[in-house]
Amino acid sequence: MNEGIKIVEVGPRDGLQNEKQPIDVETKVGLVERLVAAGVTNIEAASFVSSKWVPQMAGSAEVMQRVPRLPGVHYSALTPNLKGLEAALAAGCEEVAVFGAASESFSQRNINCSIRESLERFRSVIEVARENKLLVRGYVSCVLGCPYEGPIAPEKVAEVALLLREMGCYEISLGDTIGRGTPKTTRQMLDACMKVIPVAQLAGHYHDTFGMAIANIAASLDMGVRTFDSSVSGLGGCPYAAGASGNVATEDVVYLLQGMGYETGIDLPKLVEAGAFISAALGRQTTANAVALFESVGAEIFAKNPHTLYLWASLPGVPDSLALAQGLLPQKIVMAPGRIFSVDSSEVSPWSRFNVGAVADPRFAKALRGTLKRLASRCPHSDDHFDG
Ligand code: HMG
Ligand code: MG
């Protein structure tokens, strides 16, 4: 049997905490439901922080109460202090996470206290959590660079990680908060941490600001790391690390791991569907590259009358619901004599008309253009054309 990898899906927390627009509980729960349907078993679904500091995480208690509780599915939530822990306990969390940093300035900006003060706070959070039989995860941020201080010494990362481990965190997640790491610095940082903590208790949490996260995961795999945090659709960032982009996309991590022969238990097409759901809800483009696998498309006509054509886009490996979520199928093209024209794509109904030029994915637009051209050549009006 292939070796298993634990993926911790942090999209509902790290992913959504940085969004500018309000996100309702319904959407957050809908995302978690789809992740679970894709086989994701470890999900950081909430954050019990001050909503003055991170407004997007308001409603976390309701999210935790509504997510599907299934055997083998584990949820966790961030808890910076005892107040957060109390809220997490009341909401039925089974796992919480404290989050410290290897950078003094980031600690101050993110949680309003020094590293030493934060560790003192965490000590009591961890104690009470464990008395209540909760698992506690520990984060160390800025392990490969700080937005305020620049490079961070690997030894400083190892020191904070060890303190969290000694206080009772079962796993230490190493956060490249601003995505500055490269395989070389990742190895150096891991090397320092592995001198004091068994690699089985370390996790990689890499943001993809400079497109290095997949390379850093590959380097970490070589070093023996078997747990990685990621965000579906590449959502994410930290409100207290300007310029930090999303976490590495879970779709790309799964693609990498499957390709390398590791077992994740995650169904990639269904994961892509979860990503399409949240991307559509937020009106954003995915940053996951693996999504392209499911967009090698063709388009064909499946019904026709003198004025209306219905195009069916065949998307190999993509369930219809995903294509519908992306507004790809079916599509109605209205014909006028001598002219096939396409209009506004802003209508979201599956029967909406669309403008080929507005289709985001160039391959999809190309496939549709090809179909429309073939169609025009078969049309009785020889001067037919379409706006594309
Ligand atoms: P503070 O202002 O120093 O706290 O904030 P305070 O104890 O003085 O309390 C101030 C107010 O906040 C009070 O309310 C408290 O009740 C309230 P008021 O009397 O003014 O009405 N408060 C809380 N409310 C709800 N839940 C709580 C809570 N605690 C106090 N738990 C605090 C300190 C830690 C609360 C604040 O700085 C905070 O919430 N920071 C969170 C920052 C954050 O969430 N950052 C993003 C997550 S970390 C991250 O993304 C990195 C990671 O992904 C890894 C990586 O990428 O590196 C994990
Ligand atoms: Mg993060």
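All ligand and atom numbering here is 1-based and tracks the order in the structure. Atom set for the values below is all heavy atoms of this structure, side chains included, hydrogens, waters and symmetry mates excluded.
Any N or O atom pair closer than 3.5 Å counts here, and N110 shares at least one such pair with ligand 1. Where the criterion is an N or O separation shorter than 3.5 Å, residue side chain and backbone included, H205 meets it with respect to ligand 1. The N/O atoms of F99, backbone and side chain alike, include none that comes under 3.5 Å of an N/O atom in ligand 1. Considering both main-chain and side-chain atoms, N112 comes within under 3.5 Å of ligand 1 through a nitrogen or oxygen pair. Polar contact with ligand 1: absent for L78 (N/O pair, distance under 3.5 Å). Below 3.5 Å of separation, one finds an N or O of S141 facing an N or O of ligand 1. In terms of polar-atom proximity, defined here as any N/O pair under 3.5 Å, S47 makes no such contact with ligand 1.
Near F48, meaning under 4.0 Å from any of its heavy atoms, are these atoms of ligand 1: 26 (N), 27 (C), 31 (N). Of all atoms in ligand 1, listed by their number and element, those nearer than 4.0 Å to a heavy atom of V49 are 25 (C), 26 (N), 27 (C), 31 (N), 39 (O), 41 (C), 44 (O). Near G84, with a cut-off below 4.0 Å to any heavy atom, the atoms of ligand 1 are 31 (N). Set against the non-hydrogen atoms of H207, the atoms of ligand 1 under 4.0 Å away are 56 (O).
Of all the heavy atoms of P80, the ones lying under 4.0 Å from any atom of ligand 1 belong exclusively to the side chain. Of the heavy atoms in N81, only side-chain atoms (C-beta onward) come closer than 4.0 Å to ligand 1. The proximity of Q17 to ligand 1, defined as any non-hydrogen pair under 4.0 Å, is limited to the side chain. Contacts between D14 and ligand 1, counted as non-hydrogen atom pairs separated by less than 4.0 Å, involve the side chain only.
With distances taken over non-hydrogen atoms, the option nearest atom 22 (N) of ligand 1 out of K83, R13, E44, R121 is K83.
By the 30° and 60° cut-offs, the orientation of the rings of Y206 relative to F228 is tilted.
Nearest heavy atom pair, residue L202 against residue V225, reads O-CG1, 3.8 Å. For the pair I126 and C169, the tightest heavy-atom approach, listed with the atom from each and the gap, is CD1-SG, 3.7 Å. Nearest heavy atoms, V10 versus H205: CG2-CE1, 4.2 Å. Here the closest heavy-atom approach between residue A91 and residue R69 is recorded as O-NH2, 3.7 Å.
Contact check on E86 versus K83 returns no salt bridge, with no Lys/Arg side-chain nitrogen under 4.0 Å from an Asp/Glu carboxylate oxygen. For the pair K270 and E273, the salt-bridge criterion is not met [side-chain N within less than 4.0 Å of a carboxylate O]. Using a 4.0 Å cut-off between charged side-chain N and carboxylate O, D229 and R137 make a salt bridge. A salt bridge between D176 and R180 is absent, with no side-chain N of the basic residue lying under 4.0 Å from a carboxylate O of the acidic one.
Looking only at atom types and distance, the side chain of Q108 has no donor-acceptor partner in the side chain of Y148 under 3.5 Å away.
Linking Ile, Leu, Val, Met, Phe, Trp and Tyr residues whenever their side-chain heavy atoms come within less than 4.5 Å leaves Y170 and F122 in two separate clusters.
Using a 4.0 angstrom heavy-atom cutoff, K52 counts as in contact with ligand 1.
To the nearest 10 degrees, the Mg ion (ligand 2) sees NE2 of H207 and OD2 of D14 at an angle of 100°.
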